[in-house]
Each structure stands twice: as C-alpha cells, then as structure tokens.
There are 2 protein chains.
Amino acid sequence: MPKLSAAAIRSKKDTIEDAARELFIKQGFHATSMRDIAKGADVSLGNLYNYYETKDSIFESIIDRYLTVIDEQLKSIFAEIDEPMEPANLRKLGANVGKLVNEHSDFWLLMYIDVLEFQNRHFRKMFDGITDRFRKIFGDKFAAAEARGDLRMGVDAAPVFTAAYMQFFNYFLVEKLFGGNRHLGLDDEQALNCLTKVFAYGTLSEQNLSRFKRSANKSLSG
Amino acid sequence: MPKLSAAAIRSKKDTIEDAARELFIKQGFHATSMRDIAKGADVSLGNLYNYYETKDSIFESIIDRYLTVIDEQLKSIFAEIDEPMEPANLRKLGANVGKLVNEHSDFWLLMYIDVLEFQNRHFRKMFDGITDRFRKIFGDKFAAAEARGDLRMGVDAAPVFTAAYMQFFNYFLVEKLFGGNRHLGLDDEQALNCLTKVFAYGTLSEQNLSRFKRSANKSLSG
DNA sequence: GAATAAAAAACGGACGTTCATTTTCTTTAT
DNA sequence: ATAAAGAAAATGAACGTCCGTTTTTTATTC
C-alpha cells in the first residue's frame, strides 16, 4: 500500500504551484486553464485533482504559502529597526521594501488578481488595521521618541510611519508593475533619499532635525 | 434604407459599455462572457457584434472613453491649484483625489484588469513621466516658490509634489479597493490633515513654516 | 421591396471536473 | 529472493457546459 511521503506530496504541490503561479501572473487566473497548469507542471490533468479539490484551491494554496513567506520577510525587516522614526532607519525600511517588491513582484500581481476575481478575500488582512499593528510593534519606541522630544509637537508617529511604509511600497509597485519608469524623475536611490527627507523633515522636532542635518544630510542628496 | 443616427449608435454603445463595465469590475474580464454582457445590456448576443468587433474591443472602448473623463477631471483639479506647494492647496489636492477615487473606483479596477490581462498596455501613460508632466504644469510656480524662499534649501518641488499626489491616490485606493478600513487609524479628514502636514513640514522653509503654523495649523488637527 | 438592425441558431473549440483504466511500488506470502 | 497482491498514484478519454464568434433568420423602417 504505497503512499507518498508528506515531503513527496509537498514537493509535487510545489511543482504544481510554481507552474500555476507563473501562468496566473502571466495571463491571469481565468485565462489559465487546468490543462495549462498540468502541462506546465508536467503532470496529467486528472492528477491535479489528487492534490487539489478545485482550480480555486490551487490559487488559495499559492496565496497562503506566499503570504507566510512575505510575512516573515516583513517581520525581519521590522526586526532590524530599532528606532523607527530615525531617518536612516526610514531609508533602510524603504530600501528593504524595494527589495521585497522587486524580488516578489509575483506576489503583488496575485494581490491584484485577488482584488479583481475574489474581492480581495485573501489579502484583506494585508492592510486592515495596519497602523494598529505598527503601534503594537513600535508603540514603546514611538512613545520614547516622543518623550525624548524627537518629534514635533502633536505628531503621532504611528500613522506617519505607516504612511511612509505605504509610500515606499507604492513607489516601487508603480515602478515595477505600472510602467512608471523613474516616475519621480529620479533613480531609486535618489527617490529613497527624497522620500526619506520629506518624512524626516515632516515629523522631526527642530532640535532633532539639526542633529539629523549634521549627521546624515550629506548622504541623502536628491 | 434605415440607418441609426450617430447619436442612437452612441447611446446603444453606452448601454452596452455600461453593462460590460459593471460586469468586468464585478467579476473580471475573462469571467465575463459576451452572453453576460448581452443580457446585462438587454441586447441579443449576435447584435453585440454589430457594434464591436471583439470582446477585447469592448474593453478598449470603455477604457478610452473613461480615460478622457478622468483626464479632464484631473486637469480641472490641477487648474484650481495656483500655488502647488502651499499646504492648503496640497490638502485640497488630496480631497479632490479622494473624490476622484471614490466616484470612479470602477476606473481603477479597470486599471488593475489592464495590468493583469493586457500588461498595462492602456494605462501605461498614466504614470510614465508623471513628474515631468507636473513640471510642465507647475514649473514656473515651483521656480517662483523656490525664488521666494518658500522651500527648504535643496528641495526640488516636482518630485515631492508627485509623491504627495501618489500618496493621496494610494491612500484612497487602499481604503476603497483593498479593504484597509481606516488603515492609517484615522478617518479620511484626519488622514488628509496628517499627510498634508507631513508634506508641508517636509518641504517648507522655516520662514514659510511659521507663516503656515499661524494660519492653517489649527484647522489641520490629527 | 431593398437595406439595415435585431434576434436566434449554430459552430467549433475549450473549459473544469469526473471517471474508468493503467502504472507504480510497498507489502506480504511463498 | 521473488512473485503475488492490492492500494495508491497517475493517466487521458469522456462529460456536460459554456465560450467567442459566425451565420442564418426574422423584424423594422424607409
């Protein structure tokens, strides 16, 4: 009574999902047939149904696995941020987001597929309550920065940090997927510098700004 | 030899395109059949082909007409901006972008369809060289603001203005289409205030900031 | 009654899924 | 050691449906 090992099943599912993902991204979900996937994964049509109940469930499986990968990468990006509102760290956040977008642009296309064909069912949690999540991660750092007088009077760090995060994402997504080549009129490095500066000057207190100006300004041209 | 008037043809095409657009948005392009469109527009299946060559051409026709509508609205939004870097005007830009996104969310879904199914063929021009376009529209205003000393030393207004524009767009798109309900942890008004403040403090010179603080700060809480 | 418009029917093919069949391979009996 | 057994896994033909488009038929209007 032969039965595939869990590893063998996982490996085969990986093959199938890799092929499916590539096709979904290249031609969309509905335009990709089960026969396409079978051919791409070098598996018979019928055999697909030994691993997945429906075509939809292949899509869902891809998303679920990808989401955990992205979540982990995001976690490690946030983990290396000790002082979230410090300009150098904001810039590094931007650079890391850029890497994430460029190395996993597939993922974001899947998100658009999800928006269009599944009412964003699977990706909803990506943005829902994101500021609260940042508050959970960096809440004490935000409070400490405020207590130190790093921030301008009346600035709530959480939404600003979220806005910076979103702006970085949007910048690289537009560059990668929407054909806005150098849409800020700057290369990526200059764009990162420019956006970082805006958020630094936009939130830091004057005393902290002058410190920032002395130390980092030279390196953030553009 | 009866022949429909141009107006009658246009009216019927409008009916068809309205139905098609609604369906494309609700269930995607490939998931929408010509039979669906025919039923939605209360037209026979065969008759569709008296007005359009293919299903693709219906999509293209919708996009073309919609693009001109959006272009005009954007033009009028920009036309009422006399001083692009002034905080009050940035905020108004944000509010207008919000209206544009919310009133025409269909349009932006079509853009995602275009990204996925047509490699963004029809929407490419939307973001390509956008900063240069702003430079053409506001170049003299940017230069004047710089000459007046409104801006911090070394700030190039064009990419910052573009970034603000993109940030507003992204904020409302995430709110409307991606299920990020109050993803900045603020309501729309507060979010506009918060973002406007960041860009104001992020770019204005100190002399101009103090003027801004006196006049507008009270109204931009959040 | 001639030309246009609309409707209906038909076409060939592709779709997601099912299913009868064959292949594969571990286990058991010899 | 090997053959038989038998379930798991893989296959590809088959099913019924729906697809975009074309063709044929009917209705409308001058």
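Residue numbering restarts at 1 for every chain, and letters A, B, ... go by the order of the sequence lines.
Taking every heavy atom of both residues into account, A:P159 and B:L184 meet most closely at CB-O, 3.5 Å.
Across D:dA13, C:dA6, D:dT21, the shortest atom-to-atom separation from the side chain of B:S44 is found for C:dA6. Closest to the side chain of B:R35, from the set C:dT18, D:dA9, D:dG20, is D:dG20. The side chain of B:Y49 lies closest to D:dT21, out of C:dC15, D:dT21, D:dA13. For B:Y51, the side-chain atoms get nearest to C:dA5 when compared with the rest of C:dG16, C:dA5, D:dT21. For A:N50, taking side-chain heavy atoms from C-beta onward, the closest of the listed nucleotides D:dA9, D:dG12, D:dG20 is D:dA9.
Distance NZ (A:K39) to C1' (D:dT11): 15 Å, rounded to an integer number of Å. In this entry the distance linking NE2 of B:H30 with P of D:dC18 reads 18 Å, nearest Å. Here the P atom of nucleotide C:dT27 and the CG atom of A:L4 are 13 Å apart, to the nearest Å. Atom CG in A:N47 sits roughly 14 Å away from atom C1' in C:dC19 (whole-Å rounding). When the P atom of C:dC15 is taken as reference, atom CD1 of A:I58 falls 14 Å away, rounded to whole Å. If you measure from atom CG of A:D56 to atom P of C:dG16, you get 10 Å, rounded to the nearest angstrom. C:dT18 atom C1' lies 12 Å from atom CE of A:M34, rounded to whole Å. When rounded to the nearest whole Å, the span between CD1 of B:I9 and P of C:dT4 equals 12 Å.
Salt bridge B:R182/B:E175: absent, no basic N to carboxylate O contact under 4.0 Å. The pair A:D14-A:R65 meets the salt-bridge criterion, with a side-chain N (NZ, NE, NH1 or NH2) lying under 4.0 Å from an Asp/Glu carboxylate O. The pair B:K75-B:D71 fails the salt-bridge criterion, with no side-chain N (NZ, NE, NH1 or NH2) lying under 4.0 Å from an Asp/Glu carboxylate O.
The aromatic rings of A:F168 and A:F199 are tilted relative to each other, their planes meeting at an angle between 30° and 60°.
Nearest-nucleotide positions on DNA chain D place A:L45 closer to the 5' end than the other of B:T54 and A:L45. Between A:E53 and B:K12, the residue anchored closer to the 5' end of DNA chain C is B:K12, taking for each the nucleotide with the nearest heavy atom.
Using a 4.0 Å heavy-atom criterion, one finds that A:S5 contacts no nucleic acid atom at all.
When the side-chain nitrogen and oxygen atoms of A:S33 are compared with OP1 and OP2 of C:dC15, one or more of them lie within a distance under 4.0 Å.
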